[in-house]
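Working notes for the structure below.
Side-chain atoms are counted along with the backbone in the values below, which use heavy atoms only and exclude waters and symmetry mates. Proteins get letters first, then strands, A, B, ... in listed order; numbering begins at 1 in each. Keep in mind that this is a model prediction, so the values were computed, not measured.
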Amino acid sequence: MSKVLVILEVAAGKLRPHCLPGITAGAEIAAKIGGQLQLLVLGADPSQAAQAIAQAGYGAAGVLTLAAAGLEPFTAEAWGDAIVHAVKTTGATVIGGSASSTLRDALPRAAALLDAPLVSDIVQVKSATTFTRPVSAGRALLDVQVNAPIVFFTARGTEFEPAQPGAAVDVSPLPAPTVDVRGVQVKGVQKTESSRPALTEAKVVVSGGRGMKEGANFRILEQLTDLLGGALGASRAATDAGMVPADLQVGQTGKIVAPELYIAVAVSGAIQHLAGMKGSKVIVAINKDEEAPIFQVADYSLVAKWEDAIPRLIELIKARRSA
Amino acid sequence: MKILVTVKRIPDPDESLKFGATGLDYSASKWVPNAFDEYAVETALRLAEVVGGTQRLAEVVVLSICPENQRQHVTQFLAMGADRGIIVDADPDKLDTISVSKLIAAVFKKEACDLLISGKLTQDNEGNQVPQRVAALLGLPQACFAAAVEWDQTGRALNVSREVDDGVETKRIPLPGVLSVDLRIVLPRSVRNGSTPATHAYNEGPRLASLKGITMAKRKPVAVLKPADLGVAITATEQNVAVTAPPKRKAGQKVKSVEELVEKLAKEAKVL
Ligand SMILES: Cc1cc2nc3c(=O)[nH]c(=O)nc-3n(C[C@H](O)[C@H](O)[C@H](O)COP(=O)(O)OP(=O)(O)OC[C@H]3O[C@@H](n4cnc5c(N)ncnc54)[C@H](O)[C@@H]3O)c2cc1C
Ligand SMILES: Nc1ncnc2c1ncn2[C@@H]1O[C@H](COP(=O)(O)O)[C@@H](O)[C@H]1O
């Protein structure tokens, strides 16, 4: 029976939540090809995390592990080798996962070594061999048909439901791979610390643009964000100017978000920004320029300066909450 | 040091799209360079030059897979300062990613390059995979989504800050190697080569071609190769079968005040 392999990422012994939509995409493909879904956890010692994942099962037939010291810290070089090894030992024909920076780095490497195509950022599984993906900053949806014995995919997190826990399954270790980091050294990740929910998982996102003028002015957006229990986002202009860290950028080259409520403040609405937030359920735009293109996608448009609108907005929401 | 920079021509992203039967119709498009590849060329030039001196630390070769007669973008990059060009004469929209990556790897090998610099993605196709694939095919290390790079000339290595989902990763790769660049690589202090004074701040963004550069570009050599010259067998593992416009958002409404906005968000949209 053909196998679909979904690659998972773990941190502190636990599955990282952004992987859940990738499992769903893998399950849909497995259903279309009449195959079996397997989850793969890799790392220096992935057994504990794998056990926890296997408890939840997520609708898969089993959890596989690959252990090698060279797999931590993450490098695309070692992960590429390990994934190739997993494909060869399991005979998997479809391999993928959520389109995270990790898998976008490692999967193309593995695909190239196996002479396999990779369809990036799929949003829909049309058939066993046809996947839909957005192109040109989300302005078109292309159906791509692949014709190859082995196929790779990455799935856009906002377009597949997070996989739900189900029946527990078994963990099977695969024979250890030989991995080569090709002389690279990872010095570490400087994480953006935040007590807020992850941008890609938040129900509310408040984004600021160049019109916020300087980093200190984002404080007021943070107040609004925290009042709504959301995550803070930004446009490229705001991140490039160093007003907020780069990983808060929403758009074609930043995070793709689809919260229930997206509030864009002093963001003009360039197509590259829209590409990252057009899928939001309710969009509010606050901009002083009534011609700003962001208003064309907004459900509620307010022409105002943020200096006037945001303090009032905070005040009124607080008043509602205490009423 | 020899730096190969891959550059793609793309349909102008500001044009409205024309939907064809199985894919987008670019027959009447105006072609422009992929913005990320402009950043890649700028990165290579910053690594190669010594600001304040005349010395050059590297040769910068731009490579494009494109129809031979549509090389405007290559000329543009030569005018910007690249030393020479290589064109692999083929329509990239008719090639699969496997073939594009193999052609680039073959040129890298043939030219015995030390570093490949690519954009992180193409704005039209958004594949986000070619440089990673080339690195794998050549068995080389990679630093993708680079926001800053520092060249350690004595150690023959690059120290790279990469933008990842939850922050910035620092990775050191020995050369030869592969770099893919993100937006922030063209901020004033993102690229350091150890020879240009560390106090130097560049203008933000890719440099404009000077008049002299434009004149000189016409005299710079551009080699034209066919895929067969590189010994690459073209495959066809991907095919576009349909294209649609994403669903339009229904028309929104203007609110006159913050009061009205809060009222509607609470009662109508039910999100407060
Ligand atoms: C290859 C490429 C990739 C890109 N990727 C991304 C991406 O992923 N994400 C992204 O966001 N951009 C991206 N961009 C950049 C994009 O094209 C725009 O330049 C950017 O989104 C503009 O940011 P902005 O809206 O904050 O700034 P601007 O376009 O300058 O808009 C600022 C807005 O603020 C308003 N304003 C000013 N003062 C006030 C005030 N006091 N109160 C209220 N409103 C005010 C103005 O009316 C204006 O509309 C990309 C560009 C390229 C070329
Ligand atoms: N036809 C091409 N010619 C030259 N370089 C290309 C071509 N296609 C892709 N590339 C390079 O690969 C990078 C990533 O492309 P992609 O994986 O398609 O998003 C681009 O930024 C280019 O540098």
Side-chain angles (χ1 to χ4, degrees), chain A residues 76-77 80 100-102 104-105 108-109 111-113 115 117-118 120-121 130 134-148 182-192 236 240 246-247 253 260-261 271 278 282 284 295 297-302 304 309 312-313 316-317 320, chain B residues 13 17 19 23-24 96-98 101 123-129 132-133 135-137 139-142 144-145 147 163-174 182-184 187 236-246 249 252-255 258-259 261-262 264-266 269 271-272:
Chain A
E77 291 80 0
S100 63
S101 58
T102 303
R104 285 189 283 116
D105 199 18
R109 249 190 116 96
L113 294 174
D115 220 12
L118 183 157
S120 342
D121 238 357
T130 307
V135 294
S136 297
R139 294 183 299 153
L141 295 170
L142 195 60
D143 290 350
V144 182
Q145 188 173 32
V146 283
N147 169 28
R182 313 246 165 224
V184 308
Q185 283 170 272
V186 176
K187 310 265 170 158
V189 180
Q190 206 182 344
K191 292 215 165 93
T192 306
R236 173 188 181 182
D240 271 4
D247 55 334
T253 19
E260 274 161 32
L261 175 61
I271 53 166
K278 242 178 6 184
V282 176
V284 173
F295 289 138
V297 300
D299 299 289
Y300 300 101
S301 302
L302 178 64
R312 183 80 183 126
L313 184 57
L316 288 175
I317 296 173
R320 271 200 92 77
Chain B
L17 298 176
F19 290 81
L24 291 167
D96 63 7
T97 311
I98 292 178
S101 308
Q123 287 166 284
D124 57 339
N125 176 55
E126 295 185 58
N128 200 335
Q129 52 170 316
Q132 297 92 312
R133 298 185 82 106
L137 293 171
L140 294 179
Q142 70 188 40
C144 292
F145 328 137
E163 290 191 358
V164 295
D165 285 345
D166 49 2
V168 177
E169 185 197 85
T170 310
K171 183 175 188 179
R172 180 179 171 88
I173 61 164
D182 212 325
L183 304 168
R184 249 96 30 200
L187 292 181
T237 58
E238 300 160 61
Q239 204 188 345
N240 297 339
V241 291
V243 67
T244 53
R249 290 189 71 92
Q253 46 182 307
K254 277 228 153 82
V255 292
V258 181
E259 285 73 8
L261 175 64
V262 170
K264 294 214 149 136
L265 288 180
V271 286
L272 283 188

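- Both the backbone and the side chain of B:N240 have a heavy atom closer than 4.5 Å to some heavy atom of chain A.
- A distance of 9.0 Å separates CG in B:L261 from CG in A:L316, rounded to the nearest 0.5 Å.
- Residue A:R139 comes nearest to B:F19 through the heavy atom pair O-CZ, 3.7 Å, listed as atom of the first residue, atom of the second, then distance.
- When atom types are taken as modelled, the side chain of A:Q190 and the backbone of B:G167 share no donor-acceptor pair closer than 3.5 angstrom.
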Test side-chain contact (heavy atoms from CB on, under 4.5 Å) applied to A:N147 and B:Q239, step by step: CA-CA 8 Å; A:N147 169 28; B:Q239 204 188 345; over 6 Å; no

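- No donor-acceptor distance shorter than 3.5 angstrom exists from the side chain of B:R172 to the backbone of A:Q185, with no hydrogens or angles considered.
- Ranking B:P246, B:G23, B:C144 against chain A, the residue ahead of the rest is B:P246, based on heavy-atom pairs under 4.5 Å.
- The candidate with the highest count of non-hydrogen atom pairs below 4.5 Å against chain B, out of A:D240, A:V146, A:L261, is A:D240.
- Interface summary for chain B: among A:D115, A:L141, A:L313, the most heavy-atom pairs under 4.5 angstrom belong to A:L141.
- Contact annotation for A:E77: only side-chain heavy atoms (C-beta onward) come within less than 4.5 Å of a heavy atom of chain B.
- A:V184 places a side-chain heavy atom less than 4.5 Å from the side chain of B:I173.
- Distance check, rounded to the nearest 0.5 Å: CG of A:L118 to CD of B:E238 gives 8.5 Å.
- Nearest approach of A:I271 to B:P13, heavy atoms of both residues: CD1-O, 3.5 Å.
- Between chain B and the residues A:G183, A:P134, A:A148, the largest count of heavy-atom pairs under 4.5 Å involves A:G183.
- Taking CG of B:L183 as the start and CZ of A:R236 as the end, the distance is 4.0 Å to the nearest 0.5 Å.
- In terms of heavy-atom proximity, A:S101 sits nearest to B:F145 at O-CE1, 3.6 Å.
- With respect to chain A, the highest number of heavy-atom pairs below 4.5 Å among B:E169, B:R249, B:K171 belongs to B:R249.
- Counting heavy-atom pairs under 4.5 Å between each of B:V271, B:L17, B:N128 and chain A puts B:L17 at the top.
- Side-chain contact between B:V164 and A:T102 is absent, with no heavy-atom pair separated by less than 4.5 Å.
- Taking 4.5 Å as the limit, some side-chain heavy atom of A:D105 sits within range of a side-chain heavy atom of B:Q142.
- Within the model, atoms CG of B:L265 and CG of A:D299 stand 9.5 Å from one another, a figure rounded to the nearest 0.5 Å.
- Two residues are said to be in side-chain contact when any heavy atoms from C-beta on lie closer than 4.5 Å; B:K264 and A:V282 fail this criterion.
- Ranked by heavy-atom pairs under 4.5 Å with chain A, the list B:T170, B:L187, B:V243, B:D96 is led by B:T170.
- Looking at B:I98 and A:P117, their side chains come closer than 4.5 Å, going by heavy atoms from C-beta outward.
- Residue B:S101 does not touch chain A at all, counting heavy-atom pairs closer than 4.5 Å.
- Closest heavy-atom contact between B:Q129 and A:S120: NE2-OG, 3.7 Å.
- Taking every heavy atom of both residues into account, A:R109 and B:A135 meet most closely at NH1-CB, 3.5 Å.
- Contact check for A:L302 versus B:V258: side-chain heavy atoms found under the 4.5 Å cut-off.
- Proximity to chain B is absent for every atom of A:A304, based on heavy atoms less than 4.5 angstrom apart.
- B:L140 is not listed as a side-chain neighbour of A:R182, based on a closest heavy-atom distance of 4.5 Å or more.
- Comparing A:A111, A:S136, A:A76 by how many heavy-atom pairs each has under 4.5 Å with chain B, the most go to A:S136.
- Between B:D166 and A:D247 the shortest heavy-atom distance is C-OD2, 3.5 Å.
- Taking CG of A:L142 as the reference point, atom CG of B:N125 lies at 8.0 Å (rounded to 0.5 Å).
- Within the 4.5 angstrom heavy-atom criterion, no atom of B:T97 approaches chain A.
- Formation of a donor-acceptor pair under 3.5 Å by the B:Q132 side chain with backbone atoms of A:R104 is found in this model.
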